[in-house]
Amino acid sequence: MIRTLIPRSASRSATRPLSCSSTLQPTGFCLYTSRNRGYATEASEHDLIIIGGGVAGYVAAIKAGQEGMKVACIEKRGALGGTCLNVGCIPSKSLLNNSHMYHQILHDTKKRGIDVGDVKLNLKQMMAAKNTSVDGLTKGVEFLFKKNKVEYIKGAGAFSGEHEVTVNLIDGGEQTLRGKNIFVATGSEATPFPGLTIDEKKVVTSTGAIALESVPKKMVVIGGGIIGLEMGSVWSRLGSEVTVVEFLGQIGGPGMDAEISKTTKKILEKQGMKFKLGTKVLKGDSSGDGVKLEVEAAKGGKAETLDADVVLVAIGRRPYTAGLGLENIGLDVDNKGRLIIDEQYRTKLPHIRVIGDCTFGPMLAHKAEEEGVAAVEFVKKGYGHVNYNAIPSVMYTHPEVAWVGQNEAELKEQGVKYKVGSFPFSANSRAKTNLETEGMVKFVADAETDRILGIHIVGPNAGEMIAEGVLAIEYGASSEDVGRTSHAHPTLAEAFKEAAMATYGKAIHY
């Protein structure tokens, strides 16, 4: 490959760069690359280069900027925020909130003394509201980059050396950066289902599920984890007949407490969702107008065929490291495709660290945020902190489900002696006045020390309430510590206090 330096003042010709940013070209030259007829900047040195502008990457970039580091963040999507902000957490929550309002107006206003006339779904406007939320937040992250002097580079970055990243720019050409430190924060992608081709129309991942142009008459969700249940509930509320096929014997994944899982399943069934647990999908055919799935019991048995207009594949996510050029610097991945790191997020090349979904741990946006901050602190200060025992999980169905710490099954497997206390929302005054009384708060504490080991909630406002549980576990609180803390009346959080009281003694109102 031939490279030629061309002065910025050169006369207009066929080889003059289309643009040449002074902030990226301190020498006054642009680097012409004959291989792709594009233009690349001369390699510039940074304190930190981050490959990936998702939650892990952009948070790390902002933190590094706040610490006075010269930082560049590379993102190929053309919009910051990654899967979470663009096609995951944020747009799905918009649809969950608005579909719940629609469903509530249709089915839950008469008993509240509200008579409603002709109610119609405007799916196009609902999708527009979702897009407005996403656009506003992505622009907000760009503003924070500018505020903290983070260089934002739109393109796909790959290692061209141990301290060098080459970017194929979205607008054409290449740009080469040198970094004293480099973070890999490339995130994850939906795991495909063998034999089913994802077209994001009939066979969709979560990306397609938030962008359907009409309500499918029948939807089958493969996978009863958080993503499948959230998106299944959206389309169920909007009028689709939704069936969830799950290989395991419970919904919500192995992290959800079994008692909470059973309660949640009953609530969702009341709302119209159907479940086939302990069931595996053998094969699928999407060649016709719809999709046909052949399923049978996980333990074996007679097969049956399920027909659907849309099939949502929600069997999990896998690390995304394609095209990173890992082979150029000798970095390997484990059998799950994750980059291998130590306790300070360092690879075997200690100046290269990995954060977020493309390494170990739960694939959660807030976990990635914590790692982004901690990794920068390790670089800048030599220490950082993430308590992986205090990472909450939330499922934004209605009612919400949230948990932090360990569940009963995990403690039994470890041989830990524990005690349990719970309190139903049906005995909570605020829940009664809100006419939202389904669910409970459940505490699991050490049998001898009373230290809280896990908190599990299904009920209204669970996703907000779990923050108190995270704080309690982070600071090693006992159930009595929580039970003796005053909670305002009347609030849903009083159920949290009463569950704690039931763990070390007895609840007052139940």
Side-chain angles (χ1 to χ4, degrees), residues 55 84 88-90 92-93 96-97 100 225-227 229-230 233 250-264 267-268 361-370 386-411 418 420-425 428 430-431 434 436-445 451-479 481-483 485-488 491-503 507:
V55 177
C84 174
C89 319
I90 298 304
S92 67
K93 301 313 165 286
L96 280 159
N97 182 64
H100 170 61
I226 291 177
I227 293 175
L229 294 176
E230 285 186 349
S233 67
Q250 71 168 57
I251 63 171
M256 187 181 290
D257 181 81
E259 183 180 8
I260 297 294
S261 176
K262 290 178 183 177
T263 301
T264 303
I267 295 172
L268 293 178
M363 292 183 176
L364 297 170
H366 42 282
K367 173 258 193 188
E369 286 190 36
E370 298 301 319
V386 178
N387 182 355
Y388 289 96
N389 293 319
I391 302 291
S393 294
V394 182
M395 184 169 79
Y396 297 87
T397 50
H398 187 83
E400 294 176 348
V401 185
W403 66 92
V404 64
Q406 295 171 290
N407 59 43
E408 286 197 67
E410 291 167 340
L411 293 173
Y418 64 90
V420 175
S422 63
F423 190 84
F425 281 104
N428 173 265
R430 184 65 186 275
N434 291 350
E436 293 185 341
T437 57
E438 292 183 305
M440 71 176 87
V441 181
K442 177 178 178 178
F443 273 61
V444 185
R451 183 171 181 166
I452 299 168
L453 302 176
I455 297 173
H456 308 269
I457 310 171
V458 52
N461 214 39
E464 302 294 338
M465 199 181 302
I466 200 63
E468 183 177 356
V470 176
L471 193 63
I473 288 180
E474 179 68 38
Y475 285 94
S478 66
S479 65
D481 288 331
V482 174
T485 301
S486 179
H487 289 61
T491 60
L492 295 169
E494 286 180 288
F496 194 91
K497 171 186 171 75
E498 295 259 20
M501 294 174 72
T503 305

Lys262 atom NZ: more than 12 heavy-atom contacts under 6.0 Å: no

Flag if over 12 foreign heavy atoms under 6.0 Å of CD, Glu474: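 Yes, CD of Glu474 has more than 12 neighbouring heavy atoms, counting only those of other groups under 6.0 Å.
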
Does any part of the side chain of [Y], heavy atoms only, come nearer than 4.5 Å to the side chain of [X], both counted from C-beta?
| X | Y | answer |
| --- | --- | --- |
| Tyr475 | Asp481 | no |
| Val401 | Thr263 | no |
| Ile267 | His398 | no |
| Glu436 | Pro399 | no |
| Val444 | Asn407 | no |

With Ile391, the side chain to side chain contact (heavy atoms under 4.5 Å, CB included) member among Val404, Val470, Val386: Val386

[X] [atom1] to [Y] [atom2] distance, which is reported to the nearest 0.5 Å:
| X | Y | atom1 | atom2 | answer |
| --- | --- | --- | --- | --- |
| Gln406 | Leu411 | CD | CG | 4.5 Å |
| Lys367 | Tyr388 | NZ | OH | 5.5 Å |
| Met440 | Asp257 | CE | CG | 8.5 Å |
| Lys497 | Thr491 | NZ | OG1 | 10.0 Å |
| Cys89 | Leu96 | SG | CG | 11.0 Å |

Heavy-atom closest contact ([X] atom, [Y] atom, distance):
| X | Y | result |
| --- | --- | --- |
| Ile251 | Met256 | O-SD, 3.9 Å |
| Ala500 | Ser479 | CB-O, 3.4 Å |
| Ile466 | Ile455 | CD1-O, 3.9 Å |
| Ala472 | Ile452 | CB-CD1, 4.0 Å |
| Leu364 | Pro392 | CD1-O, 3.6 Å |
| Phe425 | Glu438 | CD1-O, 3.9 Å |

Test side chain to side chain donor-acceptor pair (under 3.5 Å) applied to His487 and Glu494, Glu498, Glu468, the passing residue: Glu468

Tyr396 backbone acceptor or donor facing Glu230 side chain under 3.5 Å: yes

Whether Gln250 side chain and Ser261 backbone form a donor-acceptor pair below 3.5 Å: no

Donor on one side chain, acceptor on other, Glu259 and His456, under 3.5 Å: no

Phe496 and Phe423 aromatic centres sub-6.0 Å: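 No, the ring centres sit 6.0 Å or more apart.
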
